[in-house]
Amino acid sequence: MANKINKVLVIAPHPDDETLGCGGTLLKHGSSDDEIHWLIITNIKENHGWKTDKVRQRQKEIKKVSEMYGFNSVHKLDFPTMELDTIPISQLVNKISVAVKKIKPNIIYLNNKNDIHTDHQIVFKAVMSSSKSFHHPYIERILCYETLSETEFAVPSSFNDFSFQPNIFVDITKFFDKKVKIMLEYNSEIMDSPLPRSMETLEALAKYRGSRIGVQFAEAFSLLFEQS
């Protein structure tokens, strides 16, 4: 019996979140002939104060990264980065819903709800409003990924809330080197060691998550929804 072909959608508040959070898992999906689709919520523009060279470089990065993953489609909503709190959430919900209906994914990867970045918090809320199972019965799983420098800095809202609590671990040992190569395309986002987005920290996190399931490198997820 042939293996099922999944339609996977990764939702990134900003370009690079997808690679930090689930780059190896996306590559693993692609190697299994699953469809992989990328929805980028925000963008940078000159009329929001960004320099032209930076804007052009970001678009080149997105194009290169898309090619390296082999995405079946890339969708850019072009909301202003670091300004999602100025946008009516209904606009976000509507545009995300259009993309979800077009792709019809059965698996969605989404940033963690408690990330310290306001953009991430708003995206999580909008996506959950855009992916209700009674509107989208084809969605079988929604999983949250962790984003270095955002997820681990979240402050628990209570003693019972430890923010990101992974319960799914994916072996990405065969794909980690390519994940690193893709992340290096986001040169301006990479920090020096020992800062959170250094390549050393990226490797350390993958090794730590791998230790949970006895492999060299892994990515961790929190399962939000699974169709019974």
Side-chain angles (χ1 to χ4, degrees), residues 10-27 38 40-44 48-51 53-66 68-69 79-85 109-124 143-157 161-166 169-173 175-213 215-222:
V10 58
I11 300 174
H14 316 96
D16 83 352
D17 292 329
E18 78 296 325
T19 299
L20 288 166
C22 56
T25 301
L26 293 172
L27 292 166
W38 188 15
I40 308 169
I41 304 298
T42 66
N43 206 345
I44 58 175
H48 285 273
W50 295 89
K51 294 182 178 180
D53 288 348
K54 177 66 174 177
V55 172
R56 289 176 178 170
Q57 180 61 32
R58 176 56 53 86
Q59 302 317 307
K60 288 180 181 178
E61 290 170 353
I62 291 171
K63 184 175 185 296
K64 179 63 175 178
V65 167
S66 175
M68 293 178 77
Y69 278 114
F79 286 106
T81 189
M82 296 188 290
E83 296 182 35
L84 289 186
D85 57 342
Y109 292 101
L110 169 66
N111 62 276
N112 179 53
K113 69 174 182 177
N114 292 325
D115 287 354
I116 199 66
H117 200 307
T118 303
D119 281 356
H120 286 221
Q121 296 168 17
I122 293 169
V123 168
F124 178 89
L143 302 102
C144 281
Y145 57 78
E146 57 186 330
T147 309
L148 282 168
S149 83
E150 306 296 352
T151 305
E152 74 272 26
F153 283 93
V155 179
S157 59
D161 178 9
F162 295 97
S163 299
F164 184 71
Q165 301 183 50
F169 298 85
V170 177
D171 181 2
I172 63 162
T173 302
F175 307 97
F176 182 72
D177 287 346
K178 188 167 183 181
K179 170 175 174 163
V180 168
K181 289 179 181 178
I182 294 173
M183 190 61 210
L184 288 171
E185 293 296 322
Y186 294 114
N187 183 58
S188 63
E189 300 298 327
I190 296 171
M191 300 175 176
D192 294 330
S193 183
L195 296 175
R197 290 199 180 188
S198 67
M199 302 312 293
E200 290 84 356
T201 304
L202 183 75
E203 180 175 350
L205 178 62
K207 284 185 174 180
Y208 172 62
R209 294 308 188 193
S211 72
R212 289 291 305 275
I213 56 173
V215 301
Q216 187 174 6
F217 298 111
E219 288 171 340
F221 302 92
S222 176

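The first residue in the sequence is number 1, and the count goes up from there.
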Does Tyr145 have any ring pair (Phe, Tyr, Trp, His ring centres under 6.0 Å) partners at least two apart in sequence or in another chain, and if so, which?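 Per chain and number, Tyr145 pairs via ring pair (Phe, Tyr, Trp, His ring centres under 6.0 Å) with no residue.
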Enter the distance from [X]:[atom1] to [Y]:[atom2] here, rounded to the nearest 0.5 Å.
X: Tyr109; Y: Thr25; atom1: OH; atom2: OG1; result: 5.5 Å
X: Leu202; Y: Lys179; atom1: CG; atom2: NZ; result: 5.0 Å
X: Leu148; Y: Thr19; atom1: CG; atom2: OG1; result: 12.0 Å
X: Ser222; Y: Leu143; atom1: OG; atom2: CG; result: 8.0 Å
X: Asp16; Y: Met183; atom1: CG; atom2: CE; result: 4.5 Å
X: Asp192; Y: Met199; atom1: CG; atom2: CE; result: 12.0 Å

Side chains of [X] and [Y]: does their closest heavy-atom pair fall under 4.5 Å?
X: Val65; Y: Pro15; answer: no
X: Leu84; Y: Gln121; answer: no
X: Asp85; Y: Ile122; answer: yes
X: His117; Y: Pro13; answer: no
X: Leu110; Y: Val123; answer: yes

Could you walk me through whether Leu20 and Glu189 pass side-chain contact (heavy atoms from CB on, under 4.5 Å), step by step? CA-CA 11 Å; Leu20 288 166; Glu189 300 298 327; over 6 Å; no
Tell me, with the steps shown, if Ile62 and Trp38 meet side-chain contact (heavy atoms from CB on, under 4.5 Å). CA-CA 10 Å; Ile62 291 171; Trp38 188 15; 3.9 Å; yes
Around atom NZ of Lys54, are there more than 12 heavy atoms from other residues, nucleotides or ligands closer than 6.0 Å?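 Above 12, so yes.
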Name all residues meeting the side-chain contact (heavy atoms from CB on, under 4.5 Å) criterion together with [X]; count only those two or more places apart in sequence or in a different chain, and write none if there are none.
X: Thr81; value: His14, Thr42, Ile44, Trp50, Asp119
X: Gln216; value: Thr173
X: Lys178; value: Leu27, Ile182
X: Leu195; value: Met191

When you compare the side chains of His120 and Asp17, does any donor N or O come within less than 3.5 Å of an acceptor on the partner?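 Yes, because at least one side-chain N or O of His120 sits under 3.5 Å from a partner of the opposite role on Asp17.
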Quick one: salt bridge (Lys or Arg N to Asp or Glu O under 4.0 Å) partners of [X], sequence neighbours excluded?
X: Lys207; result: Glu203
X: Glu150; result: Arg197
X: Lys181; result: none

For [X], check side-chain hydrogen bond (donor to acceptor under 3.5 Å, both in side chains) against everything at least two apart and list the hits.
X: Glu61; value: Arg58
X: Lys60; value: none
X: Thr147; value: none
X: Glu83; value: His48

For the student: nearest non-hydrogen atoms of Phe124 and Cys144, plus distance: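 Heavy atoms of Phe124 and Cys144 come nearest at CE1-SG, 3.7 Å.
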Steps toward side-chain contact (heavy atoms from CB on, under 4.5 Å) verdict (Asn114, Phe164): CA-CA 7 Å; Asn114 292 325; Phe164 184 71; over 6 Å; no
Treating Glu219 as the side-chain partner and Gly24 as the backbone partner, does any N or O pair qualify as donor plus acceptor under 3.5 Å?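 Yes, because the side chain of Glu219 sits within donor-acceptor range (under 3.5 Å) of the backbone of Gly24.
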